[in-house]
Amino acid sequence: MTALRTSELAAAAGVNAQTLRYYERRGLLAEPDRSLGGHRLYPEQAITVLRVIKAAQRLGFTLDEVADLLAATRFGRHRTATGLQARSAAKLAEVDAELAELAAVRDTLGAALAAGCDDLLVCSESPGCPVPFGTGTGTGTGTGTGTDRGVTGGGRCER
């Protein structure tokens with residue numbers, strides 16, 4: 001087995017040296033052996049671990065979640081509640097919820113464009129404005145969804 005120095009591992013995994021040290025402090029990457037000169041010497045498997053960490057991050061997992069997944073794998077605790085299947089299902093539910101929120105924002109922005117919203121202060125006083133100015137989930141100056149006040153997307157926000 002060939003040992004990799006910090007710069008070699010960082011280049012092979014597409015991260016920088018500070019990331020390696022950070023992952024070591026977080027417990028994501030095992031502390032490496034040291035050469036007689038004090039240089040870190042990582043096993044080749046560290047490349048795989050780093051690629052797994054980065055892939056999990058791209059899938060939306062936090063470093064704490066990645067640490068839990070790695071710990072479950074390292075110690076052979078393949079319990080269903082902590083495994084990748086369960087975590088992936090939970091993450092998928094989070095992504096679906098975020099997508100629903102983004103779709104609502106997109107719809108509101110489209111309605112604001114269609115209503116001619118050009119000045120937030122003016123729009124905040126307009127009963128036909130689809131922008132949610134209330135403290136709740138409502139729009140305009142009311143507390144409903146806009147349709148409560150007879151606004152069906154055809155309302156206008158004008159001076």
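Heavy-atom basis, side chains included; hydrogens, waters and symmetry copies ignored.
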Ignoring hydrogens and angles, tell me if any N or O in the side chain of Ser88 forms a donor-acceptor pair with the backbone of Gln85 under 3.5 Å.
no
Please examine the side chains of Arg34 and Arg40, heavy atoms only from C-beta on, and report whether any two atoms are closer than 4.5 Å.
yes
If we only count heavy atoms from C-beta on, is the Thr6 to Arg21 side-chain gap below 4.5 Å?
yes
If you measure from the Lys or Arg side-chain nitrogens to the Asp or Glu carboxylate oxygens, is any gap between Glu94 and Lys91 under 4.0 Å?
yes
If I compare all heavy atoms of Pro132 with all of Thr108, which pair ends up nearest, and what's the gap?
CD-CG2, 3.7 Å
Establish, from distance only, whether the side-chain atoms of Glu24 and Tyr42 form a donor-acceptor pair under 3.5 Å.
yes
Test item: Ser126 and Cys117 side chains (from C-beta on) under 4.5 Å apart, heavy atoms
no
Counting C-beta onward and ignoring hydrogens, is there a side-chain heavy-atom pair between Leu20 and Leu50 closer than 4.5 Å?
yes
Kindly check if the number of other-residue, nucleotide or ligand heavy atoms within 6.0 Å of CG (Asp107) is above 12?
yes
Does any part of the side chain of Thr19, heavy atoms only, come nearer than 4.5 Å to the side chain of Asn16, both counted from C-beta?
yes
Going only through I, L, V, M, F, W and Y residues with side-chain contacts under 4.5 Å, is there a path from Val66 to Leu59?
yes
Do the side chains of Ser35 and Arg5 get nearer than 4.5 Å, heavy atoms only?
no
Does Glu65 reach the main-chain N or O of Thr62 with its side chain, forming a donor-acceptor pair under 3.5 Å?
yes
Is a salt bridge present between Asp68 and Arg87, judged by a nitrogen-to-oxygen distance below 4.0 Å?
yes
State, with a plain yes or no, whether a side-chain heavy atom of Val95 is found less than 4.5 Å away from one of Glu98.
no
Just do the side chain to side chain contact (heavy atoms under 4.5 Å, CB included) check on Leu63 and Tyr22 with the steps written out, would you?
CA-CA 11 Å; Leu63 286 179; Tyr22 179 70; 3.6 Å; yes
Hey, could you give me the CG/CZ distance between Leu99 and Arg106, rounded to the nearest 0.5 Å?
12.5 Å
Going by side chain to side chain contact (heavy atoms under 4.5 Å, CB included), Val49 matches just one of Ile53, Ile47, Val52. Which one?
Ile53
Might you confirm whether atom CG of Leu120 has over 12 heavy atoms from other residues, nucleotides or ligands at distances under 6.0 Å?
no
Interatomic distance, CG@Asp118 vs SG@Cys123, rounded to 0.5 Å, equals 7.5 Å
Please tell me whether Tyr23 and Leu41 are part of a single hydrophobic cluster in this structure, the criterion being side-chain heavy atoms less than 4.5 Å apart.
no
Considering non-hydrogen atoms only, spot the tightest contact between Ala17 and Ala10 and give its length.
N-CB, 4.0 Å
Roughly how far, to the nearest 0.5 Å, is CG of Asp64 from CG of Leu69?
11.0 Å
